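Just below is one structure, and these are the notes that go with it.
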Amino acid sequence: MTADRDPSNREIADAFTLLGDLLTIEGAERHRVRAYHRGAERIRDTRESVAALARAGRATGLPDIGKTLQSKIVELADTGTIAALERVKERVPAGLVELARLPGVGPGRAVAMWRELGVTDMESLRAAVGEGRLTDVPGIGPKLAAGIAAAVAAHRDDAPAPRVGAGVALPLAEEFAAVLREHPAAARVEVAGSLRRGREDAHDIDLVVATDDPAAVLAHLAASPLVDEVAAAGPAKVAVISNRGLRVEVTCGPPGRFGNLLQHATGSAAHNTRLRERAKRMGYSLSEHGWTGPDGEDGAPDEEAVYALLGLRTPDPEIREDRGETERGLGDAPFPELVTGADLAGQVHVHTTWSDGRETLPHMVEAARALGYRYLGVSDHSQSLALTRGLTPDRVRRQWDEIDALNDGFGDGFRVLKCTEMDILADGGLDFEDDLLEGFDLVIASVHQGVSAGGDAVTRRLLRAIESPHVDVIGHPTGRKRPRREGASIDIDAVAEAAARTGTILEINGQPPRQDLDSDMARRALEAGVRLLVSSDAHSPAELGYVSYGIRIARRAGATAADVANCAPWPWRCR
DNA sequence: GCCGTTTTCGGCCCGACTGTTTTCAGTCG
């Protein structure tokens with residue numbers, strides 16, 4: 001890193017994360033390590049430039065950032081490095097950090113392998129595995145050695161932790177919940193964990209069960225054809241590998257304490273830690289089983305009582321990420337009411353057989369009316385996307401005739417809107433001429449080709465499109481389409497700033513492979529003052545339901561109905 | 001290293017499970 005520009009928040013956070021990781025391996029006092037890790041998370045979650053804050057002496061105004069971290073941030077900005085980090089790198093091989101992240105390893109065993117075998121990175125560990133020397137390490141027997149060997153074999157340099165989209169994980173979670181509900185001893189079954197918090201992807205599925213007979217319920221689950229393998233088992237909880245390869249954790253607890261269990265299993269871990277620290281200061285010890293305090297031991301059947309014990313209002317699961325929600329739960333102002341699917345007045349991003357949709361325009365309209373919407377925007381593709389039978393100007397005008405005829409027939413105020421999902425061309429130009437664009441009720445502009453050209457190129461195209469007075473909405477801004485491709489790493493802050501300034505709306509596309517914007521980007525957009533569109537991008541009547549995945553993202557971003565354009569009746573307030 | 005219903009020092013969240021062990025450390029969530 002050079003010192004000619006301030007380090008980004010991500011770069012600062014990465015430096016503190018690495019420093020904390022190396023200190024852990026070195027055996028530093030764990031609370032000091034946690035201070036670095038907490039500081040890193042806080043910096044990652046901050047929208048303002050933390051380097052600029054630190055230079056002004058105001059970074060200590062952020063929670064978890066004290067004088068020491070602030071001075072190290074300034075040091076990083078001024079010199080491009082942190083001396084303390086360089087020193088610890090000389091004492092500890094940096095390759096051990098990667099080893100400590102292998103499943104079943106961790107800092108303790110990474111250090112033991114370093115001391116006993118001279119292992120310093122993945123390559124030397126692979127050699128030690130090949131020579132069968134792992135069991136020479138005290139505390140590593142044949143089972144752990146085999147597990148570590150398997151982890152090394154499965155390791156790929158560029159592989160992030162495997163995660164699956166909510167479009168796969170949520171239906172699978174419901175299948176498991178249904179199996180658990182079959183058992184008469186299961187009084188209540190809920191999906192918890194990151195899926196309940198609305199995350200758009202998951203590395204496992206967490207389920208909680210209220211029951212007085214956990215052994216019977218868990219035995220019933222283990223016998224299900226959904227279960228491939230039992231990975232871990234105790235009296236009240238099991239972890240199984242589903243027949244789809246995803247890990248599923250099921251925890252049981254008594255109905256009278258279900259609130260504690262559900263709260264604990266929902267997390268996040270950082271949120272729970274914050275709650276338990278608060279509980280401790282108040283003289284309680286809080287866990288998934290209940291609490292002990294001045295009045296003895298107790299628990300609660302619902303989550304609200306758990307938060308009430310701590311003097312807090314209950315935050316929606318989607319915002320339990322230790323981003324200040326416990327502090328806000330203390331104050332007088334209630335939490336903002338997050339948007340729900342029932343708030344939607346209509347949808348405006350759907351396709352029909354005019355382009356690549358699978359159902360005719362009248363049938364899509366019929367489906368939207370059946371869902372209770374007040375309007376449906378039909379937004380077929382534009383001419384450049386030949387693959388999708390994109391509409392030429394001539395076909396656009398014929399589609400408008402069909403829409404006009406339909407609109408004449410509604411007696412209840414329902415309206416079909418003339419929309420387009422217009423391609424943003426390679427140079428950021430638009431796919432239709434101005435005089436045609438003026439005839440649309442709403443113009444959604446999207447990048448479909450050249451996503452892999454990189455974040456800078458896509459950002460430039462988006463920024464140019466945003467500046468056009470004819471563009472109302474930017475569709476699926478990063479172009480993500482999993483598993484085929486990850487989205488472009490766009491500069492969301494620059495895009496959001498331009499969108500806020502011009503009144504351009506940014507889309508949260510609910511198609512499971514897209515889920516674009518994701519919740520982090522949508523949150524930054526909201527903080528910049530941008531309005532959002534929540535859409536299904538439906539190509540069939542059933543796909544109108546994909547809007548629910550978009551709602552999950554919007555809630556997680558902290559959006560209220562006022563933040564979501566299509567919660568308003570048509571016509572929307574314009575720029 | 002951070003921070004305050006313990007307030008400028010002395011604390012810092014809680015429990016389950018596994019594999020290695022004869023009583024517990026390490027990892028995970």
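Everything numeric here is computed off the predicted structure, so don't read it as measured data. Side chains included, hydrogens not; waters and symmetry mates left out as well; all remaining heavy atoms used.
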Subject >> Proximal nucleotide (of dT5(B), dC3(B), dG29(B)) relative to the Asp64(A) side chain >> reply: dC3(B)
**OP:** Output yes when a side-chain donor or acceptor of Glu325(A) lies under 3.5 Å from a complementary backbone atom of Arg323(A), and no otherwise.
**Re:** yes
**OP:** Evaluate the salt bridge (Lys or Arg N to Asp or Glu O under 4.0 Å) criterion for residues Arg91(A) and Glu26(A): first the C-alpha distance (whole Å), next the side-chain angles of each, then the deciding distance (0.1 Å), finally the verdict.
**Re:** CA-CA 8 Å; Arg91(A) 299 192 295 265; Glu26(A) 201 180 35; 2.4 Å; yes
Expressed as a whole number of Å, how far does the [atom1] atom of [N] sit from that of [M]?
N       : M       : atom1 : answer
dC28(B) : dT22(B) : P     : 23 Å
dT20(B) : dA25(B) : C1'   : 9 Å
dC3(B)  : dC13(B) : C1'   : 16 Å
dG10(B) : dT6(B)  : P     : 16 Å
dC9(B)  : dC14(B) : C1'   : 25 Å
dT7(B)  : dC12(B) : C1'   : 15 Å
dT8(B)  : dC17(B) : P     : 42 Å

**OP:** Please report the C-alpha distance between Asp21(A) and His37(A) in whole Å, then the side-chain angles of each, then the deciding distance to 0.1 Å, and finally whether the side chain to side chain donor-acceptor pair (under 3.5 Å) criterion is met.
**Re:** CA-CA 8 Å; Asp21(A) 288 346; His37(A) 283 155; 2.9 Å; yes
Subject >> Working for salt bridge (Lys or Arg N to Asp or Glu O under 4.0 Å), residues Arg274(A) and Asp322(A) >> reply: CA-CA 7 Å; Arg274(A) 200 66 74 170; Asp322(A) 189 30; 2.9 Å; yes
**OP:** Report the C-alpha separation of Asp316(A) and Arg197(A) in whole Å, then their side-chain angles, then the decisive distance to 0.1 Å, and conclude whether the side chain to side chain contact (heavy atoms under 4.5 Å, CB included) test is met.
**Re:** CA-CA 8 Å; Asp316(A) 288 296; Arg197(A) 298 200 312 278; over 6 Å; no
**OP:** On DNA chain B, check which nucleotide each of Asp206(A) and Ile65(A) is closest to and give me the residue with the more 5' one.
**Re:** Ile65(A)
Round to the nearest Å and state the distance from [X] atom [atom1] to [N] atom [atom2].
X         : N       : atom1 : atom2 : answer
Leu102(A) : dG26(B) : CG    : P     : 17 Å
Met282(A) : dG11(B) : CE    : C1'   : 18 Å
Lys67(A)  : dC2(B)  : NZ    : P     : 10 Å
Glu41(A)  : dG1(B)  : CD    : C1'   : 16 Å
Arg278(A) : dC3(B)  : CZ    : C1'   : 15 Å

Original post:
Any ring pair (Phe, Tyr, Trp, His ring centres under 6.0 Å) pairs touching residues 293-314 of chain A, not counting sequence neighbours?
Top reply: His271(A)-Tyr307(A)
**OP:** May I have all residue pairs that pass ring pair (Phe, Tyr, Trp, His ring centres under 6.0 Å) and include part of residues 44-67 of chain A, sequence neighbours excluded?
**Re:** none
Original post:
Nucleotide by nucleotide, 5' to 3', does protein get under 4.0 Å of the base (B), only the sugar-phosphate (S), or neither (-) in nucleotides 12-21 of chain B, counting heavy atoms?
Top reply: BBSSSSSSS-
Original post:
Does dT8(B) have a Watson-Crick or wobble partner in any strand here, with both distances under 3.5 angstrom, and which is it?
Top reply: none
Original post:
If you look at every strand shown and take non-hydrogen atoms under 4.0 Å, does Gly104(A) touch a base, only sugar-phosphate, or nothing?
Top reply: sugar-phosphate
Original post:
Looking for any heavy atom pair under 4.0 Å, which part of the strands does Leu275(A) touch: base, sugar-phosphate only, or nothing?
Top reply: nothing
